[in-house]
Amino acid sequence: MAKATYLDAIRQAQMEEMQRDERVFMMGEDIRCNVFGTTTGFVDLFGEERVRDTPISENGFIGAAGGAAMVGMRPIVDATISSFLFPAMDQICSIIAKSRYIYGGQARLPLVLRSCLFYGNSNAAQHSDRPYSMFMNMPGLKIIAPSNAYDMKGLLKGAVRDDNPVLSFEDSTCWMNKSELPDDPDFVIPLGKGDIKREGTDISVIGVAGGVNVALRAAEQLAREGISIEVVDPRTLAPLDRDLILQSVRKTGRAICVDPAHMTCSAASEISATIVEHAFHALRAPVVRVTTPDTHLPFSPHIEKPLYPSVERIVDAARRLVGAVAPVPA
Amino acid sequence: MAKATYLDAIRQAQMEEMQRDERVFMMGEDIRCNVFGTTTGFVDLFGEERVRDTPISENGFIGAAGGAAMVGMRPIVDATISSFLFPAMDQICSIIAKSRYIYGGQARLPLVLRSCLFYGNSNAAQHSDRPYSMFMNMPGLKIIAPSNAYDMKGLLKGAVRDDNPVLSFEDSTCWMNKSELPDDPDFVIPLGKGDIKREGTDISVIGVAGGVNVALRAAEQLAREGISIEVVDPRTLAPLDRDLILQSVRKTGRAICVDPAHMTCSAASEISATIVEHAFHALRAPVVRVTTPDTHLPFSPHIEKPLYPSVERIVDAARRLVGAVAPVPA
Amino acid sequence: MSIAGDNDRKIEKYRRMQRIRQFEAKAEAIHAQGEIPGALHTYAGMEASGVGACMALRDDDYMVGNHRSHGHPIAKGAALRPLMAELLGKATGVCRGKGGSMHLSDFAMGSLGETSIVGSGAPVAAGAALGAKLQGLDRVALCFFGDGASSEGAVHEGMNLAAVWKLPAIFVCENNRFGMSTPTAHAVAGENVADRARGYGIPGVIVDGQDVDAVEDAVREAVDRARAGLGPTLIETKTYRYGDHAVNMGRELTPRGPEHDEWLGRDPITLYRARLEAAGVSAADLDAIDKAVAGEVADALSFARESAYPEFEEAFDHVLVERLPIPDDVRAHA
Amino acid sequence: MSIAGDNDRKIEKYRRMQRIRQFEAKAEAIHAQGEIPGALHTYAGMEASGVGACMALRDDDYMVGNHRSHGHPIAKGAALRPLMAELLGKATGVCRGKGGSMHLSDFAMGSLGETSIVGSGAPVAAGAALGAKLQGLDRVALCFFGDGASSEGAVHEGMNLAAVWKLPAIFVCENNRFGMSTPTAHAVAGENVADRARGYGIPGVIVDGQDVDAVEDAVREAVDRARAGLGPTLIETKTYRYGDHAVNMGRELTPRGPEHDEWLGRDPITLYRARLEAAGVSAADLDAIDKAVAGEVADALSFARESAYPEFEEAFDHVLVERLPIPDDVRAHA
Ligand SMILES: Cc1ncc(C[n+]2csc(CCOP(=O)(O)OP(=O)(O)O)c2C)c(N)n1
Ligand SMILES: Cc1ncc(C[n+]2csc(CCOP(=O)(O)OP(=O)(O)O)c2C)c(N)n1
Ligand SMILES: [Mg+2]
Ligand SMILES: [Mg+2]
């Protein structure tokens with residue numbers, strides 16, 4: 001056990017899995033020069049055949065990962081920033097998500113497609129997408145969105161070992177957060193299992209990716225006001241651990257969904273819809289979403305920063321839900 | 001006024017708008033040969049310059065529509081089947097949805113991007129997508145999804161006159177449905193306004209695209225059992241007429257969302273989340289989604305057909321909501 | 001059969017072309033009667049392209065095709081029964097009834113997908129070639145795509161990737177003069193698709209797509225290059241589809257010009273039969289093959305007809321490696 | 001200034017190159033001090049490519065660029081104040097503070113976007129050229145993209161579309177020898193990007209990207225062809241970026257070889273200054289330009305610094321033509 005960052009957790013997970021299984025290899029733009037620090041030393045360790053810099057052609061090399069997986073390899077693709085998944089949407093949705101099904105189980109596509117959620121740092125709308133909910137609407141994909149270094153390492157190792165295609169959305173607001181990381185080479189967190197990050201009794205706050213950490217900070221503050229928050233981290237968005245979410249809400253009777261993505265058709269919306277469909281009779285208050293509003297993200301930090309879910313917005317919502325303040329008119 | 005089909009409504013809308021405004025032109029794959037019947041006679045009427053067959057390169061010609069719009073044209077692009085939007089996802093999400101914003105209002109992109117929802121007809125998973133919720137998560141786009149010929153004509157004309165990029169999702173299960181269509185060349189339905197398709201008092205059934213017609217048939221049957229259904233058709237998915245939906249649910253106290261798309265992060269999920277967030281205190285029962293489950297769509301009609309929302313599933317859900325039968329365990 | 005040695009493979013080419021032709025004739029007929037659901041894109045006229053290319057491959061080589069998917073797997077040697085059963089949406093279909101006419105992919109024969117999204121096979125083929133290379137195997141991956149598909153970004157990206165990494169891939173553009181209703185010249189810039197090769201620094205080859213031996217030779221050279229580590233080749237087979245884009249659509253999408261008859265006059269099977277006869281194969285032997293193939297097709301159809309439809313639960317299998325849970329309300333009404 | 005006629009435009013080329021160089025030097029310096037947020041991709045070393053190309057355009061012609069966006073608008077004649085204000089995220093910025101360094105697009109100068117998604121400008125440029133054609137205007141649309149971008153499907157699709165439709169488009173590949181850290185040869189198949197042209201049946205031209213006159217001449221020929229209805233041209237400017245992919249990243253992404261000094265020795269501004277002096281322009285006149293440009297840059301920076309940040313409401317403007325409603329809870333904490 002040693003403390004390490006979320007970024008280093010990615011590096012460790014990749015390194016251990018590449019050491020364990022020689023079918024695992026990596027490709028992506030500029031991964032040899034290692035822009036974000038997740039492949040430090042990899043070329044020396046694994047050679048240029050297994051650590052491949054690709055042409056700038058996301059649809060091409062992500063589709064190639066699919067082809068390589070079909071013939072028995074286990075690629076990890078680093079697509080760097082999530083916005084760059086759009087050019088590859090066809091290979092992801094038409095080939096990677098559907099080949100196993102459309103060919104009646106003949107194909108198997110064990111691959112991991114990593115990309116980071118690169119928001120809040122003044123890189124403007126074309127680089128700031130958080131598009132995981134789009135992929136949640138597409139069957140055939142698993143999706144992880146870890147909120148801390150421990151989960152990142154365990155889930156990424158789980159993803160590499162999973163026989164399905166897995167998308168890994170890595171929240172850049174968590175990059176420098178540290179956890180104790182197990183050295184056990186078989187430390188793996190199974191995909192599809194959520195985690196209670198903090199226990200509480202008054203309100204369940206279900207966070208997505210970096211939203212979990214904002215929720216935890218809000219919970220601290222609310223505890224001082226006597227409001228007890230349970231923070232639920234699904235960790236995996238597909239399959240979504242609906243049972244864990246429902247269990248928590250059945251206990252607390254109230255829910256807030258915190259998601260750094262745009263509101264409409266977000267993961268937060270899905271979680272909310274799941275709650276009202278399956279835990280309605282436990283609910284004592286509206287289910288509230290704290291998300292980024294449906295506007296694009298501007299460059300100017302001055303107007304960008306206030307758009308994301310914040311401690312203040314969660315605290316306000318929580319106070320309203322427990323009746324400490326009057327509700328906003330609907 | 002004369003009766004015409006949904007497909008013919010598309011043709012009429014396009015023809016009238018091309019006659020009215022010479023900045024309007026069309027492009028798409030094989031639109032001259034007019035595969036589905038929405039451009040019959042157009043080459044003769046408007047010439048080959050304004051009715052353009054494109055190379056099979058969705059990202060290229062949809063992006064080109066963006067460029068043409070930026071310089072003052074008003075393109076209508078026929079992308080035929082919605083599944084073919086995936087190869088164009090980058091131009092739609094990075095350029096068309098974002099250019100106005102990222103350049104601070106300098107750009108204007110009046111264009112219409114049409115595609116049909118081609119499901120239920122044994123064309124297998126790669127041709128059967130209903131991906132509108134993905135675009136609902138992307139700011140900067142308007143989205144229409146008409147359920148009958150009348151709305152189709154009025155909304156498509158509204159879309160062509162709108163100064164924003166508009167995606168038109170045309171449900172192939174509605175293609176042959178007929179309405180009386182106004183001949184008034186200025187008949188336009190404003191985008192963003194939903195419609196009550198049937199009034200009722202017990203349950204609001206909010207339908208998306210072809211889901212509206214399934215809901216209407218279910219409402220007929222339920223009426224005979226003494227259950228009164230209000231059928232709400234948002235018609236436009238972005239902006240979504242949340243007020244109309246909430247108004248209906250505040251009256252009935254119950255809601256079912258019917259959506260032919262996959263359940264997770266669907267339009268149905270968004271509608272459900274909106275209801276529990278803003279009409280919670282009116283709710284007397286869980287909000288239920290009747291959607292296609294999160295599996296792909298198989299070729300074999302035998303196993304494909306039962307996957308879509310059906311009258312039976314809506315009827316069952318309605319009976320459960322009014323307490324006519326015991327609820328399913330959550 | 002009394003012919004030996006090299007003639008055996010000649011006969012095999014003839015047989016596979018016949019299989020495609022007869023398989024499709026039957027499929028088209030029963031589709032017209034409503035026995036096959038969905039769309040049907042026939043390969044008739046193009047048999048020499050698929051068979052010539054696949055005969056240059058080993059059984060363990062990979063192949064990726066497209067929506068016009070009846071020809072490629074048969075060319076690669078797939079059994080007819082599971083193909084016909086697939087067309088009818090049966091559980092015994094090669095894709096268990098989940099793919100249908102546009103997706104007749106037989107992985108046992110090295111096929112990694114007949115994908116109906118135009119152009120989408122190219123990255124997959126590049127990836128399979130990469131996989132073979134990383135595993136130290138000398139397998140190659142061949143990708144069939146149409147003239148229309150050459151306009152797709154995916155094809156460009158797949159070829160560029162394969163060229164940069166010198167992958168053992170062969171890109172075979174089956175130029176049948178149309179993409180749906182659109183003549184190639186209206187959609188594809190440049191005189192030949194093969195001319196694109198130079199831009200990637202790889203060989204570009206044009207071959208008569210009605211001559212199965214010529215296609216085989218061209219592909220074999222490319223395969224040899226690929227196995228030797230010299231990278232990909234782009235081959236354009238100049239060919240023609242007899243039917244409309246998809247058959248039984250109720251109206252003609254593509255009105256044909258006078259060249260239609262010229263192409264019919266260069267039928268790949270007729271031409272090859274003549275060549276075999278000139279080389280001493282007896283008409284009787286060839287007739288016997290035709291008849292045997294007719295038997296195979298009839299057998300495949302009986303098999304397909306007798307097979308059961310998939311169980312409803314099958315709809316939830318193979319989304320993931322694990323079976324999905326089935327929602328109660330859906331199951332209740334299945 | 002005492003030089004007239006053709007010399008005026010030579011001087012203008014020099015001035016615009018100086019503007020880019022000095023504007024960026026300032027931007028880089030204040031970015032290092034934290035005054036500019038986000039990433040900064042400098043164009044230093046490539047000025048002749050942008051300026052030569054844009055000087056061959058009319059004011060009403062269109063231009064599309066990329067993430068390396070400081071050079072193109074200045075080359076096309078944009079005013080410096082709104083550009084600098086944009087870098088600082090101010091309301092007076094050319095994009096009202098919503099675009100930043102990667103998106104310095106001035107629509108008043110015919111720019112239709114400096115788009116930071118690699119390759120995504122090509123379809124837009126094709127579309128603008130189509131728009132001009134449909135409107136019966138003789139405007140052209142020029143697209144700048146990098147060597148790395150040439151691998152993107154969007155670039156292929158844009159070029160194919162423009163070629164098939166004979167659109168008045170000019171595709172200028174600024175080959176600066178790297179895409180981020182990756183040398184061109186590791187990512188781009190084929191010897192020259194310009195070799196791709198033949199595959200589309202259009203002219204492909206290679207030009208010394210450090211020679212502003214040569215670039216202008218090559219682009220002018222392409223512009224003439226385009227205006228005459230003869231379709232697009234692909235031009236590759238062989239050039240070099242002095243800085244790292246993005247500056248001030250704390251470490252070097254791309255270690256340079258000995259060629260770095262060779263390229264520095266072929267600086268486009270130094271070369272051009274020598275050519276102008278040889279043609280009789282006095283050093284004093286050129287010094288005066290340098291000084292005037294320094295004044296412009298200083299003025300732009302003062303303007304930018306004095307400008308206000310955008311109001312919070314601005315974040316909700318220009319998503320659609322109509323302003324979006326602002327959620328109460330977001331407004332409450334803005
Ligand atoms: C991405 C995508 N766009 C459009 C289509 C519709 N479509 C199916 S086949 C076809 C024509 C393909 O032409 P070509 O590649 O020449 O193959 P051919 O049918 O001639 O064999 C088109 C446009 C599709 N399936 N996928
Ligand atoms: C679609 C996409 N993929 C990746 C990136 C990340 N990226 C930004 S610039 C760049 C290199 C571009 O190289 P090139 O086109 O040669 O332009 P240059 O930076 O050399 O001017 C990359 C990979 C991006 N912005 N967009
Ligand atoms: Mg074709
Ligand atoms: Mg470059």
Side-chain angles (χ1 to χ4, degrees), chain A residues 58-59 83-95 97-98 101-102 124-126 129 131 133-140 238 240 246 257 261-281 283 285-289 293-296 298-299 330, chain B residues 58-59 83-95 97-98 101-102 124-126 129 131 133-140 238 240 246 257 261-281 283 285-289 293-296 298-299 330:
Chain A
E58 291 77 9
N59 207 37
S83 301
F84 310 156
L85 298 179
F86 295 135
M89 202 78 178
D90 190 51
Q91 290 290 318
I92 300 171
C93 293
S94 298
I95 299 287
K98 291 179 183 143
Y101 192 83
I102 210 162
Q126 286 184 326
D129 295 279
S133 76
M134 295 185 176
F135 298 98
M136 293 170 72
N137 188 246
M138 177 56 58
L240 184 62
L246 292 171
C257 312
H262 296 303
M263 181 188 77
T264 297
C265 296
S266 59
S269 304
E270 178 60 28
I271 292 166
S272 173
T274 300
I275 293 169
V276 66
E277 192 159 358
H278 298 290
F280 176 75
H281 297 290
L283 278 181
V287 180
V288 172
R289 290 169 291 175
D294 290 332
T295 182
H296 290 301
F299 165 74
Chain B
E58 292 75 11
N59 207 38
S83 301
F84 311 156
L85 298 179
F86 295 136
M89 203 78 178
D90 188 52
Q91 289 289 318
I92 300 171
C93 292
S94 298
I95 298 287
K98 290 178 184 144
Y101 192 83
I102 210 162
Q126 285 184 327
D129 295 279
S133 76
M134 294 184 177
F135 299 98
M136 292 170 72
N137 188 247
M138 177 54 60
L240 184 63
L246 292 171
C257 311
H262 296 303
M263 180 187 77
T264 298
C265 295
S266 61
S269 304
E270 178 59 28
I271 292 166
S272 173
T274 300
I275 292 169
V276 66
E277 189 157 1
H278 298 291
F280 177 75
H281 297 290
L283 279 181
V287 181
V288 172
R289 290 170 291 175
D294 291 332
T295 181
H296 291 301
F299 165 74

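Every chain is numbered from 1, with letters handed out A, B, ... down the list of sequences. FYI, side chains are in, hydrogens and waters are out, and symmetry mates aren't considered; it's all heavy atoms of this structure. Keep in mind the model is a prediction, meaning the values are calculated, not measured.
Nearest approach of B/Ser266 to A/Cys265, heavy atoms of both residues: O-SG, 3.7 Å. Nearest heavy atoms, B/Ala273 versus A/Ser269: CB-O, 3.7 Å. A/Met134 and B/Cys93 get closest at one heavy-atom pair: CE-SG, 4.3 Å. The shortest heavy-atom contact between B/Gln126 and A/Ile95 is NE2-CD1, 4.1 Å. Nearest heavy atoms, B/His281 versus A/Pro286: NE2-CD, 4.0 Å.
For B/Pro293, no part lies near chain A; criterion is any non-hydrogen pair under 4.5 Å. In this structure, the portions of B/Asn137 lying under 4.5 Å from any heavy atom of chain A include both its backbone and its side chain. There is no contact between B/Ile92 and chain A, counting heavy-atom distances below 4.5 Å. Residue B/Phe280 touches chain A through its side chain alone, counting heavy-atom pairs closer than 4.5 Å. In this structure, the portions of A/Leu283 lying under 4.5 Å from any heavy atom of chain B include both its backbone and its side chain.
When each of A/Met263, A/Arg289, A/Met136, A/Gln91 is checked for heavy-atom pairs under 4.5 Å with chain B, A/Arg289 comes out on top. Ranking B/Val287, B/Asn59, B/Leu240 against chain A, the residue ahead of the rest is B/Val287, based on heavy-atom pairs under 4.5 Å. In terms of heavy-atom pairs under 4.5 Å with chain A, the best-connected choice from B/Ala124, B/Pro298, B/Ala267 is B/Pro298.
Every residue two or more places apart in sequence or in another chain that forms a side chain to side chain contact (heavy atoms under 4.5 Å, CB included) with B/Pro139 is listed here: A/His262, A/His296, D/Val319. For B/Glu58, there are no side-chain hydrogen bond (donor to acceptor under 3.5 Å, both in side chains) partners, not counting sequence neighbours.
For the atom pair NZ of B/Lys98 and OG of A/Ser83, the computed distance is 5.5 Å after rounding to the nearest 0.5 Å.
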